[in-house]
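For clarity, every value in this text was computed on a predicted model and none was experimentally measured.
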Amino acid sequence: MSKRARSLLPALALAWLLAAPEARASAPGTYGMGSRAGALSGAVTADAADFSGCFYNPAGLVSAPGLELSLGYVYADNRLRINGKDNDVADVHGLMAGIVAPGKILSLPFAFGIATYIPDDGLSRIRALRQETPRWELYNDRPTILFLSVHLAVRPLPWLEIGGGLAFLAATRGRFGIRGEADVLHPYDSQLSHEVDADLTSIRYPIAGARVKLGRLGYLGVAYRGQTKLDLSLQANLEGIVDFAGVDVPLRYTLETRTLDAFQPQQVVLGLSFQAVPRLRANFDLGWVNWSAYESPTPRTSAHLEAEPPPGVGVELPEDPKPVVIVPPAFEDRFVPRLGVEYVLAFGAERRVSGRPPAKAVEIPLRAGYAYERSPVPPQEGPTNFVDADRHTISLGAGLVLNAPFSVLRGALRLDTHVALSVLPERITQKASPADFVGDYRADGTMIAGGATLTASF
Amino acid sequence: MRTGHAGSFFLALALLSGCATLADSETGGENLPNAAAGPFRALRAGELGNLRSAPNALDDDETFPRDPAVLDADGDPATPAVFGYFAITPEVPGQDPDPAAPPGAIVRHGAEDGRSFDRAPLVVLTPDEPWEGGTVGAPSVVRVGGEVFLYYAAAGGIGLARSPDGEVFTRVAGPVLGPDAAGWEEGAVPRSPGVVVLDDGSLRLFYEVPGPGDAARIGEARSDDGVTWTRVGDGPALAPRAVVPGTEPPYDDAWVGAPAPVLVRSAEGRPILRVYHAARDSLGRAVVGLAARFDPAGASPLQPAASPVFGSGSSAGPREPCVLVRPGHTLLFTTQRAGRTKSANYPAVAAGVAPADVSLPAP
């Protein structure tokens with residue numbers, strides 16, 4: 001990599017950050033970051049040396065063989081049902097891309113990595129629902145928001161790699177006001193002025209990790225992803241005089257609402273990648289997810305209407321909405337095991353490949369994985385209806401690696417594909433109150449995700 | 001590497017991602033579970049036929065039909081036709097109609113669509129017996145075997161009339177449930193009956209007990225034949241809830257009455273006895289409430305719903321509800337003020353439906 005290119009990378013990263021004001025989490029956690037990781041069911045904490053390390057474990061970035069550019073696409077078809085009927089939970093689809101740029105500073109190996117997931121049907125989807133409204137809490141909106149993270153990794157010792165960086169969210173604080181005089185019978189004669197004041201404030205959360213080389217056995221990895229959430233606040237004021245057929249009615253309406261959304265719990269993942277057998281990698285991850293810190297997304301809303309109708313005019317003003325007594329979600333911490341196996345078939349003549357030992361001209365990695373995510377949502381016997389079920393994911397994938405295919409590409413050109421089937425076994429909810437407005441229900445579902453990632457390694 | 005590689009990459013990505021930044025329309029809200037127990041929304045224009053003006057399924061400013069009781073016409077919930085039984089104040093020649101006068105007859109209207117009642121009332125019961133005190137009202141109708149049982153409130157208690165066809169009724173002598181001076185009712189005259197037939201063929205009667213003071217409570221009785229009734233328990237089945245300091249006052253802390261029981265099954269097949277009822281809070285705000293229990297034949301207490309099912313935030317004063325359970329939705333009929341204007345200050349029968357997002361078939 002040229003010095004000029006190296007110097008441009010931080011500037012490009014900064015430009016990217018400025019151009020993406022609503023960077024959020026996290027489809028990668030649900031459907032995988034990149035097709036290789038997706039095919040291994042995310043069991044790559046000790047084995048992520050490509051852009052997916054920006055999500056799974058940034059320490060591995062420093063093992064990238066050279067400058068890598070990756071571009072991929074993922075599509076997840078969600079078939080989530082309640083009482084046997086599809087709930088039209090949004091499919092998730094978007095671009096995944098990243099750059100890994102390894103180098104050396106004073107003979108210290110380091111790498112810079114940046115990765116993003118950009119949903120292609122919108123950068124975000126935020127909804128504020130009453131806590132009684134049934135919703136697939138973990139799958140409906142949370143995965144459909146933009147993910148962006150930037151990392152640095154170093155190898156201070158030959159057997160130790162350390163990496164870390166930040167992922168970004170944007171919170172919204174907004175206020176708007178309307179003042180003036182409104183003519184009910186002649187709206188175009190109204191004299192109104194409005195003002196809008198909205199702030200998009202960035203929220204950062206850390207992702208960090210380490211990898212230890214276990215001789216010829218492989219790697220041991222550990223990663224930490226911090227807790228984060230979106231805090232959306234809105235304040236509205238309507239103040240003025242309503243002219244109703246010559247009768248002036250002073251009116252003042254205030255509304256305040258605050259919603260927490262896209263909560264991502266902190267998690268720690270311990271990973272082992274067994275690489276003692278040539279061309280075979282067997283990975284095992286065990287993650288701890290701090291779901292018990294989950295905060296209710298129920299909006300806190302207050303509203304008040306004041307009006308002074310003329311004496312004798314029987315106008316019935318609506319009551320202020322009663323404050324909502326928010327039921328704590330009481331999610332439970334969970335351990336999530338993940339398994340992944342990769343075997344590489346190799347063909348053709350041996351070639352010199354930039355950044356790694358000589359390899360056959362063509363390699364075909366075959367991959368499989370399994371993950372089990374026990375639902376953190378407690379039985380919904382009370383007024384809340386956070387619908388969820390356990391999730392079993394089986395994944396398969398294959399790749400095609402062309403080593404040093406062109407003179408300008410002395411690394412490799414790699415195409416990875418994957419498909420993953422998630423099965424959510426039926427979960428029955430029985431309400432404690434016979435007067436519950438939602439009543440009993442059973443929830444189940446399947447998710448089919450697939451994608452491809454093209455990586456050019458220079 | 002030349003910097004052009006990275007620049008081209010970012011440019012391509014920006015172009016690809018910039019094509020769409022608006023999210024899809026709302027998703028995840030299809031086919032959500034709903035017990036169809038409430039809250040009910042008032043029927044809208046276009047949802048009522050027979051030239052009825054929504055939400056009023058029945059509105060007459062001369063006889064004031066009110067206190068609805070609805071019976072499936074053929075006993076098959078899959079067919080929409082119903083008969084509605086209502087209390088009215090019969091017209092008296094030479095006198096202005098008085099909406100505050102006690103009801104003097106019970107009439108039947110038909111509704112082919114289950115909600116838009118016809119304009120041909122059939123008088124099925126008028127007060128004849130001395131114990132009725134010149135008034136019959138608050139009907140409740142159920143099918144028992146091959147007969148239609150019509151329970152009604154009168155001055156001396158709750159009466160019963162039986163019919164083979166729902167048109168011609170024959171009285172059972174005397175009230176089937178009169179005052180009980182020995183128990184918690186302290187001799188108050190029971191009124192506003194609501195009857196339901198349980199799976200085992202036995203019947204449950206819920207009724208309003210006035211007092212103490214301006215309050216009212218709901219009592220319960222059981223019967224194997226619908227004629228002979230035995231009171232259940234030594235206290236009310238449902239009473240006004242106490243206000244818990246520091247919490248929002250409940251919607252039924254002053255008055256509960258006019259019960260309308262219905263037997264349903266949850267989506268998991270659990271039998272539920274729902275008792276819809278009129279309720280008032282200490283500020284005098286009237287709503288329709290709901291209380292229920294899982295053991296319909298047992299004596300376990302009725303558990304109130306978290307919020308009213310109809311009339312919240314309205315000054316129409318709903319009372320005397322009844323419900324009709326249909327596949328996928330429930331219809332509510334209730335007495336309330338006919339409209340907001342001064343000339344509409346008389347009782348009419350309004351209709352609502354739950355779930356609120358259901359699309360009713362055309363009338």
Closest-packed option against chain B by number of heavy-atom pairs under 4.5 Å, given A:P134, A:G439, A:S433
A:P134

Please indicate whether B:R241 has more than 12 foreign heavy atoms, meaning atoms of other residues, nucleotides or ligands, lying under 6.0 Å from its CZ.
yes

Using heavy-atom distances under 4.5 Å, tell me whether A:L80 contacts chain B through its side chain, its backbone, both, or neither.
neither

Honestly, the part of B:R265 sitting under 4.5 Å from a heavy atom of chain A is neither

Report which part of B:P355 has an atom under 4.5 Å of a heavy atom belonging to chain A: side chain, backbone, both, or neither.
neither

Contact class of B:S312 relative to chain A, heavy atoms under 4.5 angstrom:
neither

Pair A:Y441, B:S266 - check side-chain contact (heavy atoms from CB on, under 4.5 Å), show working.
CA-CA 9 Å; A:Y441 54 86; B:S266 79; over 6 Å; no

Measuring heavy-atom distances to chain B, does A:D436 have an atom under 4.5 Å in its side chain, in its backbone, in both, or in neither?
backbone

Minimum-distance pair of heavy atoms, taken over all atoms of B:P308 and A:F437:
O-CZ, 4.4 Å

Nearest heavy-atom approach of B:A292 to A:P434 is O-CG, 3.2 Å

Does any heavy atom of chain A fall under 4.5 Å from the side chain of B:L32, the backbone, both, or neither of them?
both

Show the nearest heavy-atom pair for residues B:A267 and A:N83, with the distance to one decimal.
CB-ND2, 4.2 Å

Side chain, backbone, both or neither: which part of B:E248 has a non-hydrogen atom closer than 4.5 Å to chain A?
side chain

Please report the closest heavy-atom contact between A:A435 and B:Q303, naming both atoms and the distance.
CB-O, 3.5 Å

Any donor-acceptor pair under 3.5 Å linking the side chain of B:R270 with the backbone of A:K431?
yes

Tell me, for B:A354 versus chain A, whether the close heavy atoms (under 4.5 Å) come from the side chain, the backbone, both or neither.
neither

At a heavy-atom distance under 4.5 Å, which candidate from B:A291, B:P304, B:P39 has the highest pair count against chain A?
B:P39

Worked check of side-chain contact (heavy atoms from CB on, under 4.5 Å) between A:D86 and B:E30
CA-CA 7 Å; A:D86 193 283; B:E30 293 290 320; over 6 Å; no

